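Accompanying notes for the structure given below.
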Amino acid sequence: MVVARTEPSTVVIDDCRRVFLFPVLYKADRTGIFTVPEMAEPSKTYNPADVEEKWHRRWDDSECFRGDESSEKQGYSIVIPPPNVTGILHLGHVLNNTIQDILCRRARQADRAVLWLPGTDHAGIATQTKVERRLREEESKTRHDLGRDAFLERVWQWKEKHGGIITTQLKKLGCSCDWSRERFTMDEGYSKWVSHVFVKLFEEGLIYRGRRMVNWCPVSLTALSDEEVIMKPQRSKLYTMRYELADTQGNGTGEFLEIATTRPETLMGDTGVAVNPKDPRYGRYVGRTILRPFPRAAIPIVADEHIDIEFGTGVLKVTPAHDRADFEIGQRHGLPAIDVLTPDGHVNCPEVPQLHGLERFEARRRAVEILAEMDLLVSEEDYQNNIGFSERADVPIEPRLSMQWFLRYPSVQRAIDAVAGDEIVFRPKHWKKTYLRWMENIQDWCISRQLWWGHRIPVWYRREDAASLKEKALDVVDRDRGEIHVGIDSPADPENWEQDEDVLDTWFSSWLWPFATMTECEGADSETVKKFYPTADLSTGPDIIFFWVARMIMAGLHFRGESPFKNVYFHSIIRDIKGRKMSKSLGNSPDPLDLIAQYGADGLRFGLLRIAPTGTDVRYDEKQIEAGRNFATKLWNACRYRQMQDGNQADGHSPARPLAECRLSPFDIDILARVERLRGDLDIAFEEYRFNEATALLYEFFWSNFCDRYLESIKEDFREGADVERKVLTLAVIDEVLRYFLPLLHPVMPHITEEIWEQLGLAGDGGGPLATQVLGAQSPLAGVAADAVAAGRELAARTYEAAGRVRNLKADYNLASRKDVPIILKPVEECAVFGAAGGIGAGRVAMTLQLLAGAGSLAIDATFAAPGGTPSILTDLGEICMPLDGLIDMDAERARVGKELAKVDTEVDKAEKKLANPKFVENAKAEVVEEARQRLTEWQEKRERLSAMLENLA
RNA sequence: GCGCAGGUAGCUCAGUGGUAGAGCGGUUCGUUUACACCGAAUUGGUCGGGGGUUCAAAUCCCUCCCUGCGCACCA
């Protein structure tokens, strides 16, 4: 078996710093030991691994991505959406960070001082859960076994061990972050910001503590915000049971009311039954009492508008402790709240021993049985309802009454105005509505979490009163009374105080990210924040628009007086090919590192960008990544081809004169004009954050225009005995195109462009890495007269078009792959001036036409008289005949021309009809009408000539 | 229920009033020394249905159908 392994070789072949980048092929023997290369052979495929690694090192060493706060240049900044510190990279990260990398690299090219500030988030619940699980699995311990301090020590250890992973992965992707400024939400300075903000909001009366109905996760044992609850449709049962009126018999023989419920296991907490006051069926019951079966008790029947007459039986059991709506009904009617569940979701009701201690779903089944035994169960039917699940633990949450800290959001109206008035621009713009809708219905934020990993609430209670204070609703007044201490620092006499046990919601730190990463909360502003705040762009997923984006806007406005960013770009959510969300449990989420290993970081970046950025969501298809890799290979090979020509060269590498003074061919002019045009088109595409369009432009230019047309047509210049001057000029044009193109591609594919840039020596003397190149304003066609450019491009376009038509013709005769077919061009009059553009004679056009058409020979002969039946086509260069000795088939040719004529006929009809319509001529834009006229003329001419051809064939 | 986004070629998607596009796939041909991760040709669409506005609609309006997402919910 022969194993090929590539090693970069650095054979200096001349004094121009050009080296052979293309690796030497080594062969391994059966032992796997590499032996002396048998022969040097350039690799046909780009091998990203070594190249990428090398450039990561180079960029790192040169510190070229450091955000220079003292720069004279205009600042540009992005803060990274901090990934979970213990998380690993997924495709969403790849897309999002590629976008940010592009924005930053382009900003550097535009000569801005750029800061891309990286960092990670402590991710309270997620991280704590991970460490707890490990503790349970490996040591069979809970966090309580360790105690708070020891447990936190473990979490920090875990963070130290696993915290760097995602950062390393981002580096592999080529992210040009300023790694020297990496931040973590639990850094000391950052934590100080969190406390500072808490204290400030508390002082403003926006933070308060109270006993409220919250979303409780019975697994994580903490309260959650509304945003952390995911509603999911569930198949469940709707049970109808009956409660007996207490004032009739009370012994099972009196009057009953039927009540529908999905949660019979909470009926021990029922403290009332409610009907709608407008419901004629039940008016007479209101004010009476009814018997709760277990524990048996008489509870009042109340009338409440909230009850839906249509639903179920129109009678609701009111369980104020276990349902948000019931709680409110209870408040309105003075019904007590009886908590019958433990925090971890077990029944807590010693009065009913059959249920006491049972897990909540087990208790539900058991409660139904008991009801049936008591003959109180009327029916049981399948029912679909929506249940809230906890985002992290993925179990149904319990509405639970508990003492928590809440925030009334600050600067809400300003945050609404900023987005509504486009001070902050959302893209795609429809997300604006989603944002405004949420902001306009904003609810207080439950910010306390019963966790240990996070920022501890900076509130202390007087030790002697702590027990009672912890049960009390609190606000700023209580501090003024000296009962509690709220401050960044602990009280001076800590032995007399007890700190609140809870920590803050992770997002309560994340919402400060854009400025808390840049400056300290006390004292003078840092130079960094002065230079780089507010940031320019935020790129993130629409799934965290409420969690993060909206809150950052409020925090920025409130604490810095300025919105934290100008533009928000919401990238699409990546789904699998079947449209499902990527998830670990489905196993449909490819590991980006595998993809990088297989396709290269550049290929991955390019491939994802091609499909991802416009819609709301996008289906991931590995074929796209493959296309990205293929594009890298194409680029590699085109440059390899260019480099191979160095060896053929007699006299130096570039013409002594500037390009504009050389005899540029129409094709030289065309490709140079196109690469310049590409730059303008890219500017527009990126300006509008249309990343997919940008990749399409780059792909189209390089593959179709540069490789398939230009490179294919200049190969003659490198053949034995070709004109040396022309060869040198062609090399110069290729170099100029690459010198212009590679920087344009660089933000998308940074590694391979750097490598080629260096190896081809395109930077010139003293030029640094491509990553540091500022794009100049120089046109590749500077000094070339505008009319020469126009004429050259016109002639090039005609030639390319004609070559395509000849290929079609060949295919019609099943000769597509034949290279020996002779063709004869009878030039049209206006093309008789071959050579007007750039002083190059007809030979250049003829050569290109012949090469691209794949013809064996080309004669230019205005007087050529084709034998009858010779296949020919009409092009903008003239009539092109393909005499096929021995292959001529009059019938076939007649059929072909007839078919073409028919097609042209319908086109003429269409165009005539359009122009015959006076309203069209009247109303349409002048250029549209003019275009239609021209088209008609062209079709008519073509029809005439085709008719003549058909006659000749007859 | 309310809102948002989408329905264009077999697949993934571009295309906002003026000749329906790309990539992938399929088919046929081709290894000519940059590249088979390639080249050439070719196949393939009454642009979700219906109605309207307009000289002209994939594009604007109305309506219906389907898909995805968000918000709110009926116990």
Side-chain angles (χ1 to χ4, degrees), chain A residues 22 42 44-46 226 231 238-239 259-263 274 306-319 323-326 329 383 385-386 428 430-434 437-438 441 542-543 545-546 573 575 577 579 581 599 603 607 610-612 614-621 623-624 626-645 690 692-693 696 699-700 704 707-708 711-712 715 718 804 807-808 810-812 814-819 852 854 907 910-911 913-914 916-925 927-929 931-932 935 939:
Chain A
F22 307 101
K44 289 178 178 179
T45 53
Y46 167 61
D226 296 345
M231 299 305 281
L238 185 64
Y239 304 95
I259 303 171
T261 182
T262 52
R263 301 205 60 191
H306 174 264
I307 312 305
D308 181 354
I309 296 175
E310 304 294 320
F311 188 88
T313 60
V315 185
L316 171 73
K317 73 185 195 66
V318 183
T319 323
D323 185 280
R324 209 171 265 239
D326 288 14
I329 295 171
Y383 179 65
N385 60 346
N386 284 329
H430 64 257
W431 292 113
K432 186 169 161 177
K433 275 199 178 174
T434 307
R437 212 174 128 94
W438 186 76
N441 296 292
D543 48 337
I545 188 166
F546 311 137
I573 303 287
R575 298 175 177 282
I577 197 75
K581 214 166 179 172
Y599 301 109
R610 283 185 90 195
I611 47 169
T614 49
T616 45
D617 58 355
V618 74
R619 285 163 198 236
Y620 166 77
D621 185 352
K623 286 275 178 205
Q624 296 293 345
E626 207 177 305
R629 186 265 324 258
N630 293 354
F631 186 58
T633 306
K634 188 73 176 176
L635 174 67
W636 183 257
N637 277 301
C639 294
R640 187 166 72 108
Y641 174 69
R642 183 262 167 262
Q643 193 172 34
M644 284 165 70
Q645 307 318 321
R690 296 162 68 110
N692 59 332
E693 189 177 310
Y699 189 94
E700 155 86 10
S704 306
C707 292
D708 289 349
L711 281 191
E712 286 306 323
K715 288 187 171 171
F718 301 131
R807 288 197 302 265
N808 294 347
K810 283 172 65 188
D812 281 342
N814 283 326
L815 302 168
S817 298
R818 290 267 294 263
K819 302 291 174 193
L852 293 185
E907 293 298 335
K910 243 161 68 181
K913 223 174 244 173
K914 194 164 199 175
N917 182 344
K919 289 196 174 171
F920 168 67
V921 180
E922 217 172 282
N923 297 330
K925 276 189 227 160
E927 63 257 36
V928 172
V929 177
E931 214 180 288
R935 206 175 301 142
W939 287 123

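Chain naming here is simple, since letters A, B, ... match the order of the sequence lines and numbering starts at 1 in each. Nothing here was measured: the structure is a model prediction, and the numbers come from that model.
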| said: Please enumerate all residues that pass side-chain hydrogen bond (donor to acceptor under 3.5 Å, both in side chains) together with A:K914, with sequence neighbours excluded. | reply: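 So A:K914 forms no side-chain hydrogen bond (donor to acceptor under 3.5 Å, both in side chains) with any residue.
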
| side-chain hydrogen bond (donor to acceptor under 3.5 Å, both in side chains) with A:K715: which residues, sequence neighbours excluded? | A:E712

Tell me if the side-chain of [X] makes a donor-acceptor pair with the base of [N], cut-off 3.5 Å, by modelled atom types.
| X | N | result |
| --- | --- | --- |
| A:K433 | B:rC4 | no |
| A:E693 | B:rA22 | no |
| A:K715 | B:rA34 | yes |

| query | Given B:rG15, is OP1 or OP2 found less than 4.0 Å from the side-chain N or O atoms of A:R690? | reply | yes

| request: Can you sort out the partners of A:R324 under salt bridge (Lys or Arg N to Asp or Glu O under 4.0 Å), two or more places apart, ordered by chain and number? | output: A:D226

| request: With sequence neighbours excluded, tell me which residues meet side-chain contact (heavy atoms from CB on, under 4.5 Å) with A:A260. | output: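 Only A:L238, A:T240 meet the side-chain contact (heavy atoms from CB on, under 4.5 Å) criterion with A:A260.
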
| query | Who passes side-chain contact (heavy atoms from CB on, under 4.5 Å) against A:K913, sequence neighbours left out? | reply | none

Return the polar atom pairs (N/O with N/O) between nucleotides 69-75 of chain B and the protein under 3.5 Å, or none.
{"residue": "B:rG70", "atom": "N2", "partner": "A:R437", "partner atom": "NH2", "Å": "3.3"}
{"residue": "B:rA72", "atom": "N6", "partner": "A:N386", "partner atom": "ND2", "Å": "3.4"}
{"residue": "B:rC73", "atom": "N3", "partner": "A:N386", "partner atom": "ND2", "Å": "3.0"}
{"residue": "B:rC73", "atom": "N4", "partner": "A:N386", "partner atom": "ND2", "Å": "2.4"}
{"residue": "B:rA75", "atom": "OP2", "partner": "A:Y383", "partner atom": "OH", "Å": "3.0"}
{"residue": "B:rA75", "atom": "O3'", "partner": "A:T262", "partner atom": "OG1", "Å": "3.1"}
{"residue": "B:rA75", "atom": "N6", "partner": "A:D308", "partner atom": "O", "Å": "2.7"}
{"residue": "B:rA75", "atom": "N6", "partner": "A:F311", "partner atom": "O", "Å": "2.8"}
{"residue": "B:rA75", "atom": "N1", "partner": "A:D308", "partner atom": "N", "Å": "3.3"}

| task | Report the distance from atom CG of A:N630 to atom P of B:rC37, rounded to the nearest whole Å. | result | 8 Å

| field | Under 3.5 Å on both distances, the Watson-Crick or G-U partner of B:rU42 | value | B:rG26

